[in-house]
Amino acid sequence: MAEAALAVSGLVRRFGATRALSGVDLTVPAGSAFGLLGPNGAGKSTLVRIVLGFLPADEGDARIFGRPAAWRTAREGVGFLPERFAYPGWLTGLELLAHHARLLGYRAGEARREALRQLERVGLAEAARRRIRGYSKGMQQRLGIALSLVGGPRLLVWDEPTSALDPLGRVLVRDLMLEERRRGATVFLNSHLLGEVERVCDRVAVIDRGRVLREGPLGDLLLARLRLVVEAEPVGDELVRELGRWGRVLRAEGAGSRRIEMEVGEREAVAEVARLLTSAGARLYRLEPRGESLEEFFLEALRDAAASGARAPGEGL
């Protein structure tokens, strides 16, 4: 695995009788686009606040590129977009970003150039000298993204980055993520828009009630429950039962000429299904493996956790 941009282990945080985090372990490889998923009250915000030094952990450890997250020097290379923000309305967008660039050590002229560059990247160049109080909600969201990019941070922590953005704005966010990854930055994304996460992230974690339920490369997770659509003839009931050796037959439509849907546990089963059908003399017209969508995977993870009793009362925040 690549160097960890972010690593947390055994992270516990309590608020009175409520355990917001219950021993969270998570690793975000450097250069990855990592999606943190979970329902409201899952513990996502608490995790982000601990990583960014806004909250202490009761137990466990959080590190940014190997340094304790509580150290100011560890957070110097982090760009943060909060879900809720309030910028001084009397400033212009240019003044806000230039001020932050100065805080990062830029000289006055360099700070202004860096501010203009980031405003242009998010489509706010023409509004750079307008007061922020006159910005729409979508423009303020773009401004927050630009602010997080100032100085070229190594790690971007974006909380709901496409909130209030129209479809063009969402495409812009995806393009920026790709640009930042080409630059070598890591993106840690907290979002309820699963379609956006599925398009841009290569790793995800599902968290609920303060516990990580599933985590890993997105492609591997979505293929863990592979769906297989088969169209062939002739296929009798006995042959359908034999197909059950390689997976769970969900549906078998027709008689003779059959359309069959299966759930298989591994890719090798696809070849075995094809071999079984052809060796039985069936003509194979369609053999289409399908992975789960991220939405299906997410809901299944929550259902499995509920069924196993992992969702204990008094956990998550």
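None of these values were measured; they are calculated from a predicted model.
When all heavy atoms of Ala108 and Arg102 are compared, the closest pair comes out as CB-NH1, 3.5 Å. The shortest heavy-atom contact between Val206 and Ala301 is CG1-CB, 4.2 Å. Across all non-hydrogen atoms, the minimal contact from Val150 to Leu104 is O-CD1, 3.6 Å. The minimum heavy-atom distance between Gly10 and Asp25, with the atom names listed, is N-OD1, 2.6 Å. Looking at every heavy atom in both residues, Pro88 comes nearest to Leu96 through CD-CD1, 4.3 Å. The heavy-atom pair separating Ala69 from Val51 by the smallest distance is CB-O, 3.2 Å.
Residue-environment remark: CD (Glu126) stays at or below the threshold of 12 foreign heavy atoms within 6.0 Å. Within 6.0 Å of the CD atom in Glu295, the count of heavy atoms belonging to other residues, nucleotides or ligands does not exceed 12.
Val48 has its side chain within reach of Phe188: a pair of non-hydrogen atoms, C-beta onward, lies under 4.5 Å apart. Using a 4.5 Å heavy-atom cutoff, the side chains of Arg214 and Asp304 are in contact. The closest side-chain heavy-atom distance from Leu284 to Val230 is below 4.5 Å. The closest side-chain heavy-atom distance from Asn190 to Glu83 is not below 4.5 Å.
Look at Arg303 and Glu296 and you find no salt bridge, because none of the NZ, NE, NH1 or NH2 atoms lies under 4.0 Å from a carboxylate O. With respect to the salt-bridge test (charged N to carboxylate O, under 4.0 angstrom), the residues Glu120 and Arg117 do not qualify. Taking 4.0 Å as the cut-off between side-chain N and carboxylate O, Glu160 and Lys44 do not count as a salt-bridged pair. Salt-bridge check for Arg203 with Glu215: passed, with a basic side-chain N closer than 4.0 Å to an acidic carboxylate O. With salt bridges taken as basic N to acidic carboxylate O contacts below 4.0 Å, one links Arg14 and Glu59. A salt bridge is defined here as a Lys NZ or Arg NE, NH1 or NH2 lying under 4.0 Å from an Asp or Glu carboxylate O, and Asp237 with Arg258 meets this definition. Salt-bridge annotation for Glu76 and Arg72: present, with a side-chain N of the basic residue lying under 4.0 Å from a carboxylate O of the acidic one.
If you take CG on Asp58 and CD1 on Ile50, they are separated by 7.5 Å, rounding to the nearest 0.5 Å. Separating the CD atom in Gln141 from the CG atom in Leu165 is a distance of 5.0 Å, to the nearest 0.5 Å.
Not one N or O on the side chain of Arg154 forms a donor-acceptor pair closer than 3.5 Å with the backbone of Thr186. In this structure a side-chain-to-backbone donor-acceptor pair under 3.5 Å is missing from Glu263 to Gly247. Checking side-chain atoms of Asp202 against main-chain N and O of Ala33 turns up a donor-acceptor pair under 3.5 Å. A donor-acceptor pair is defined here as one N or O able to donate and one able to accept, closer than 3.5 Å; no such pair exists between the side chain of Tyr135 and the backbone of Arg142. Judged by distance alone, the side chain of Arg211 and the main-chain N or O of Gly23 form no donor-acceptor pair under 3.5 Å. With Thr278 contributing its side chain and Ala274 its backbone, the two residues share a donor-acceptor pair below 3.5 Å. With hydrogens and angles ignored, the 3.5 Å screen pairs a side-chain donor or acceptor of Arg131 with a backbone N or O of Trp90. When atom types are taken as modelled, the side chain of Glu114 and the backbone of Gly151 share a donor-acceptor pair closer than 3.5 angstrom. Remark: side-chain polar atoms of Arg183 are paired, donor with acceptor, to backbone N or O of Gly152 under 3.5 angstrom. Checking side-chain atoms of Ser136 against main-chain N and O of Met139 turns up a donor-acceptor pair under 3.5 Å.
Val270 and Val229 sit in two unconnected hydrophobic clusters of ILVMFWY residues. Membership requires side-chain heavy atoms under 4.5 Å apart, directly or through other members.
In this structure, Arg13 is positioned above the aromatic face of Phe15, its NZ or CZ under 6.0 Å from the six-membered ring centre and within 45° of the axis.
Note: Phe80 and Phe54 have tilted aromatic rings, judged against thresholds of 30 and 60 degrees for the angle between ring planes.
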